[in-house]
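No experiment lies behind these values; they were computed from the predicted model shown. When reading the values below, keep in mind they use all heavy atoms of this one structure, side chains included, and skip hydrogens, waters and symmetry mates.
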Amino acid sequence: MLDITETIHLADWEIEFQPIRAQGSGGQNVNKVASAVHLRFDIHRSSLPSAYKERLLNYSDQRINQDGVIVIKAQRFRTLEMNKEDALLRLKELIQLAIKQAKPRRATKPTKGSQRRRVDEKTQRGKTKALRNKIDF
C-alpha cells in the first residue's frame, strides 16, 4: 500500500511492476540480471478521487501517456528492491505535484513611493551619464 496523503492510499493491485534489464555499463552482470523496473499506474482504473484523476490527466508530464497510464522507469540502484522503492517514491511525488492546487495570483500595483523612487533613480542615472559625456569632450 502506498500512502499519498493521510486520507488517500493506493492499493497494491493498482501498481504494476515489470522487471527489465538496466541500461548502461555494469559489467557482465548487466546482461543477465533484470535489476531495473518499469512501474505502471493506470489513472482511470485507480481508486483516486475523480478530482485528482482529472488533475493528473491534465498534468503535462512525459511519464503520463495518452491512455492515462503513468510509466516510471527506475534503474538508479543495483538491486530490484531498491529500484522498486525508488519508483514508488517517484510515483508518490508525481501524484502529489499534480494534485497540489496553485495559489491564485492576485494582481498588485507598485506603491506611489516605489514609483517615485524608481523615476528619481532613472533621472539621477541620466544626469551622471550626461556629466560623463560632457567631460569626454
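For the pair L57 and H44, the tightest heavy-atom approach, listed with the atom from each and the gap, is CD1-CE1, 3.5 Å. The two residues W13 and R45 have their closest heavy-atom pair at CH2-O, 3.7 Å. When all heavy atoms of S47 and H9 are compared, the pair lying nearest together is OG-O, 3.8 Å. L56 and A98 get closest at one heavy-atom pair: CD2-CB, 3.5 Å. Residues N83 and A36 share a closest heavy-atom pair of ND2-CA, 3.8 Å. Minimum interatomic distance between S35 and R78 (heavy atoms only, all atoms of both residues): CB-O, 3.4 Å.
In summary, of the residues considered (I8, L89, L91, D12), a side chain to side chain contact (heavy atoms under 4.5 Å, CB included) with L2 occurs for L91 alone.
The CD1 atom of I95 lies 15.5 Å from the NZ atom of K100; values are rounded to the nearest 0.5 Å. To the nearest 0.5 Å, the span separating NZ on K127 from CD on Q124 amounts to 6.0 Å. Once rounded to the nearest 0.5 Å, the distance linking NZ of K73 with CZ of R63 reads 14.0 Å. Distance check: F41 CZ to L48 CG gives 4.5 Å after rounding to the nearest 0.5 Å. Separation of atoms CD1 (I72) and CZ (R40) is listed at 11.5 Å; rounding is to 0.5 Å. To the nearest 0.5 Å, atoms CD1 (I70) and CZ (R90) are separated by 12.0 Å.
Using a 4.5 Å heavy-atom cutoff, the side chains of D42 and E14 are not in contact. Proximity of K129 to R125: side-chain heavy atoms (C-beta onward) are nowhere separated by under 4.5 Å. Counting heavy atoms from C-beta on, the side chains of V119 and Q115 never come closer than 4.5 Å.
There is no path of hydrophobic side-chain contacts, each under 4.5 Å, that joins L94 to V71. Residues I4 and Y52 share a single hydrophobic cluster, defined by chaining ILVMFWY side chains whose heavy atoms lie under 4.5 Å apart. When the side chains of ILVMFWY residues are joined at heavy-atom separations under 4.5 Å, either directly or via intervening members, L97 and L88 end up in a single hydrophobic cluster. Under the 4.5 Å side-chain heavy-atom criterion for grouping Ile, Leu, Val, Met, Phe, Trp and Tyr, I64 is connected to F17 within one hydrophobic cluster. Y59 and I15 fall within the same hydrophobic cluster, defined by Ile, Leu, Val, Met, Phe, Trp and Tyr side-chain heavy atoms under 4.5 Å apart, directly or through other members.
Under the 3.5 Å distance criterion, the side-chain polar atoms of N65 are matched with a main-chain donor or acceptor of D67. In this structure, the side chain of D86 does not engage the main chain of Q75 through any donor-acceptor pair within 3.5 Å.
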